[in-house]
Number of protein chains: 2
Amino acid sequence: MSKVDKEAIIRAAEEVVREKGARKLTLDAVAAQCGLSKGGLLHHFRTKQALLQAMLESSIACESELAAEYAAKGGDSGGPLASRIHSMFALMEDEETLPRALIAAVAEDPALLEPIKAKEAKIRDELGGKCSDPDLALLLLFATRGLFLGRVLGVMEPGDPIFERLRKRLLELSADLD
Amino acid sequence: MSKVDKEAIIRAAEEVVREKGARKLTLDAVAAQCGLSKGGLLHHFRTKQALLQAMLESSIACESELAAEYAAKGGDSGGPLASRIHSMFALMEDEETLPRALIAAVAEDPALLEPIKAKEAKIRDELGGKCSDPDLALLLLFATRGLFLGRVLGVMEPGDPIFERLRKRLLELSADLD
DNA sequence: CAAAACCAACCAACTAGACGGTATGTTAGC
DNA sequence: GCTAACATACCGTCTAGTTGGTTGGTTTTG
């Protein structure tokens with residue numbers, strides 16, 4: 001039988017947010033999405049908040065992994081800024097796990113965002129220490145995030161050619177900084 | 001007597017989102033916030049969706065007004081890009097009406113974002129026609145939005161000096177384009 | 001080695017309260 | 001006396017979480 005682990009539940013929750021909106025991320029909906037009873041779901045996550053927290057943590061880990069992967073692959077051709085730009089664009093193309101978790105968390109309880117804040121601070125430190133022009137690096141990072149969140153929130157169409165054009169542009173500009 | 005008009009109700013709704021999160025934007029909470037019974041509230045907005053729509057429209061109008069104001073004041077010292085940058089920063093500093101409405105709308109029903117999409121397209125057309133380097137202009141616009149949404153979602157602290165530094169930087173860069 | 005004890009993983013049924021919306025007033029001003 | 005602007009009471013539904021199981025596999029023990 002199809003084993004149901006925590007990872008699968010998190011995926012199901014993300015699916016619910018994508019399909020029906022963050023407001024309708026209910027335990028019943030998640031349970032139905034992954035073919036589980038509500039009782040079974042609550043066996044894995046004892047409260048809804050625990051589920052949301054797990055969603056956020058999983059997303060953060062996913063983004064970090066992507067960034068690390070790019071940093072390793074690119075060797076010395078790209079610094080930390082390029083890695084971040086790459087990872088955010090990759091997140092946009094593949095899945096939108098982080099954004100969905102983020103929307104759900106903000107809707108439910110803004111206090112859940114603390115871990116994101118912490119990560120934000122880390123990234124900024126990283127860039128500040130290594131770049132010749134930290135403010136400009138941050139500006140490029142925020143531009144990437146602007147695109148990212150525009151896509152996430154649904155204000156921009158997925159196939160828009162602007163994504164590819166701006167990705168190139170951002171990487172060019174970041175190359176002068178790293 | 002404290003008259004309660006639609007504008008006051010929208011403000012109250014924004015207040016609820018700020019204080020308790022988008023998920024707890026309920027008709028009861030809004031009614032309580034503006035000292036009205038639920039029945040009274042529903043007299044002004046027949047459904048919750050109508051209220052959300054009004055929140056979004058009010059916010060969009062507010063942003064447009066700010067941009068127009070800056071465009072008029074700045075005369076020819078700033079083009080459309082500078083106006084937009086100014087207006088988004090102004091929104092961040094003064095109140096966060098748009099963001100709050102946006103979060104609530106996304107949480108409730110992503111389809112409510114259509115008017116925002118339309119406005120987005122308009123702004124992009126505007127920049128594309130008038131700037132020497134449209135892609136770079138968009139990049140700066142997205143950087144502003146990245147800051148804006150970072151603030152809105154609560155991942156960045158309000159008083160962070162980075163806002164002021166990047167605002168200056170963005171305006172400098174935009175001056176070469178407009 | 002087999003019975004007994006245990007345990008994680010699940011489910012169905014339920015509860016208490018929250019929520020959106022309706023139905024039916026009431027009151028103040030034109 | 002008609003209408004806009006409220007209020008009160010209520011309804012059906014939805015929701016997070018609880019309770020009390022069952023089942024199948026593993027571990028312990030006589």
Side-chain angles (χ1 to χ4, degrees), chain A residues 1-58 100-101 103-112, chain B residues 1-58 100-101 103-112:
Chain A
M1 270 289 120
S2 58
K3 273 243 174 132
V4 174
D5 63 349
K6 297 202 175 194
E7 206 54 46
I9 293 174
I10 291 173
R11 297 279 154 74
E14 286 162 356
E15 191 61 18
V16 170
V17 176
R18 200 194 60 184
E19 281 175 5
K20 308 188 185 172
R23 180 62 191 280
K24 294 189 176 163
L25 177 66
T26 65
L27 295 181
D28 288 284
V30 175
Q33 180 69 35
C34 58
L36 217 61
S37 70
K38 186 152 66 172
L41 169 61
L42 282 164
H43 171 73
H44 290 281
F45 296 101
R46 280 201 303 228
T47 67
K48 187 181 178 183
Q49 238 203 4
L51 172 58
L52 287 167
Q53 229 166 304
M55 285 174 75
L56 266 184
E57 276 162 23
S58 151
R100 281 172 207 157
I103 291 176
V106 173
E108 189 77 22
D109 175 12
L112 282 168
Chain B
M1 270 289 124
S2 59
K3 272 246 176 127
V4 174
D5 61 350
K6 298 202 175 195
E7 206 53 46
I9 293 174
I10 290 173
R11 297 278 154 74
E14 286 162 357
E15 192 62 18
V16 170
V17 175
R18 201 194 60 184
E19 283 176 4
K20 308 188 185 171
R23 180 61 191 278
K24 292 188 177 164
L25 177 66
T26 65
L27 295 180
D28 287 286
V30 174
Q33 179 69 35
C34 58
L36 216 60
S37 69
K38 186 153 68 170
L41 169 60
L42 282 164
H43 171 73
H44 290 282
F45 297 100
R46 280 202 299 233
T47 66
K48 188 181 178 184
Q49 239 204 1
L51 171 59
L52 286 168
Q53 229 167 302
M55 287 174 74
L56 267 184
E57 275 162 23
S58 151
R100 279 171 209 158
I103 291 175
V106 173
E108 189 77 23
D109 174 13
L112 282 168

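A note on names: the letters A, B, ... follow the listed sequences, proteins ahead of strands, and every chain is numbered from 1. Values below: every heavy atom of this structure, side chains too, minus hydrogens, waters and symmetry copies.
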(request) Using atom CG of A:D109 as one end and atom P of D:dA16 as the other, report the distance to the nearest whole Å. (result) 14 Å
(message) When you measure from the side chain of B:K24 to the backbone of B:V16, do you find a donor-acceptor pair of N or O atoms at a distance under 3.5 Å?
(response) no
(request) Specify the separation, in whole Å, of atom NZ of B:K6 and atom P of D:dA4. (result) 12 Å
(message) Test of understanding: with side chain to side chain contact (heavy atoms under 4.5 Å, CB included), list the residues that count as partners of B:E57, not counting sequence neighbours.
(response) B:Q53
(message) Using whole Å, what does the distance between atom C1' of nucleotide D:dA16 and atom NE2 of A:H43 come to?
(response) 18 Å
(request) Check whether any side-chain heavy atom of B:I9 lies under 4.5 Å from a side-chain heavy atom of B:L36, and answer yes or no. (result) yes
(request) Would you classify B:L36 as touching base, sugar-phosphate or nothing, given that sugar-phosphate means primed atoms plus P, OP1 and OP2, and contacts are heavy atoms under 4.0 Å? (result) sugar-phosphate
(request) For A:V17 and A:A104, work out which heavy atoms get closest and say how close. (result) CG2-CB, 4.2 Å
(request) State whether A:R11 and A:E15 are salt-bridged, where the test is any N-O pair (Lys NZ or Arg NE/NH1/NH2 against Asp/Glu carboxylate O) under 4.0 Å. (result) no
(request) Report the distance from atom CZ of A:F45 to atom P of C:dA9, rounded to the nearest whole Å. (result) 12 Å
(request) Produce a footprint string for nucleotides 14-25 of chain C: one letter per nucleotide, 5' end first; B if the base is under 4.0 Å from any protein heavy atom, S if only the sugar-phosphate is, - if neither. (result) -----SBBB---
(message) Counting only side-chain nitrogens and oxygens, does A:H44 get under 4.0 Å of the OP1 or OP2 atom of C:dA8?
(response) no
(request) Using the salt bridge (Lys or Arg N to Asp or Glu O under 4.0 Å) rule, collect all pairs that involve residues 26-48 of chain B, keeping only residues at least two apart or in two chains. (result) B:D28-B:K38, B:K48-B:E108
